Amino acid sequence: MVVALNWYLVLSAVLFTIGVLGVLLRSNVIVILMSVELMLNAVNLTLVALSQSMGDPQGQVLVFFVMSVAAAEAAVGLAIVIAIFRNKLTVDINRINLFRY
């Protein structure tokens, strides 16, 4: 059973759209970080699907770099969220204002 390339691209577009909506509509910092991760995984799915369909492994190699950047982003982002939570006692974007003194 072979799945057509179109299905992978549609799934990737749906995942990316869900991620964009999560970033734009949510106010919880942790949910926003998860939405960014979802968008990065959607791009990874597109890269792997197109790389496989074209028979060129360069897209799959690029996925490893994107995954390492995503892991670093998650670690640094979570550390920043924890530091802000310890100071402000909230992770709500609307209630965090770091530019006030």
Side-chain angles (χ1 to χ4, degrees):
M1 186 169 101
V2 177
V3 180
L5 176 64
N6 294 339
W7 290 104
Y8 289 112
L9 296 179
V10 167
L11 176 63
S12 178
V14 168
L15 289 175
F16 194 84
T17 304
I18 292 170
V20 168
L21 290 175
V23 168
L24 294 177
L25 299 178
R26 301 301 242 164
S27 61
N28 189 338
V29 178
I30 296 173
V31 174
I32 291 173
L33 285 175
M34 288 173 40
S35 297
V36 170
E37 292 292 326
L38 189 63
M39 289 189 295
L40 287 171
N41 285 327
V43 171
N44 283 342
L45 178 62
T46 301
L47 283 171
V48 169
L50 290 174
S51 174
Q52 184 67 26
S53 72
M54 293 181 181
D56 188 17
Q58 289 180 353
Q60 294 177 9
V61 172
L62 184 60
V63 166
F64 286 116
F65 290 112
V66 174
M67 287 172 63
S68 62
V69 168
E73 176 260 333
V76 171
L78 191 57
I80 291 171
V81 169
I82 290 172
I84 291 172
F85 179 75
R86 286 183 180 172
N87 252 351
K88 303 289 184 177
L89 296 177
T90 185
V91 290
D92 187 14
I93 285 287
N94 298 324
R95 296 181 61 200
I96 297 173
N97 191 351
L98 298 177
F99 294 116
R100 286 189 187 166
Y101 46 86

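All values reported here derive from a predicted model rather than from experimental measurement. The residues of the chain are indexed from 1 along the displayed sequence.
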For residues 65-75, please give each side-chain donor-acceptor pair under 3.5 Å, one per line with the distance, not counting sequence neighbours.
unit_1, atom_1, unit_2, atom_2, d
S68, OG, F64, O, 3.4
S68, OG, F65, O, 2.7

Set of side-chain contact (heavy atoms from CB on, under 4.5 Å) partners for [X], sequence neighbours left out:
X: M54; result: none
X: V43; result: F16, L47
X: I84; result: I80, K88, I96, L98

Under 3.5 Å donor-acceptor pairs involving side-chain atoms of residues 22-39, not counting sequence neighbours:
unit_1, atom_1, unit_2, atom_2, d
S27, OG, D92, OD1, 2.9
N28, OD1, I30, N, 3.1
S35, OG, V31, O, 2.9

Q: Enumerate the residue pairs fulfilling side chain to side chain donor-acceptor pair (under 3.5 Å) with a member in residues 9-19, sequence neighbours excluded, ordered by first and then second residue.
A: S12-T46

Q: Could you list the residues that satisfy side chain to side chain donor-acceptor pair (under 3.5 Å) with S51, not counting sequence neighbours?
A: none

Q | V91/V81 under side-chain contact (heavy atoms from CB on, under 4.5 Å): CA gap, chis, key distance, verdict | A | CA-CA 7 Å; V91 290; V81 169; 3.9 Å; yes

Please write out which residues are connected to [X] in a hydrophobic cluster, directly or through intermediates, given that two of Ile, Leu, Val, Met, Phe, Trp, Tyr count as joined at side-chain heavy-atom separations below 4.5 angstrom.
X: L50; value: L5, L9
X: I82; value: L78
X: M1; value: none

Q.
Is there a path of hydrophobic side-chain contacts, each under 4.5 Å between heavy atoms, that joins V48 and V3?
A. no

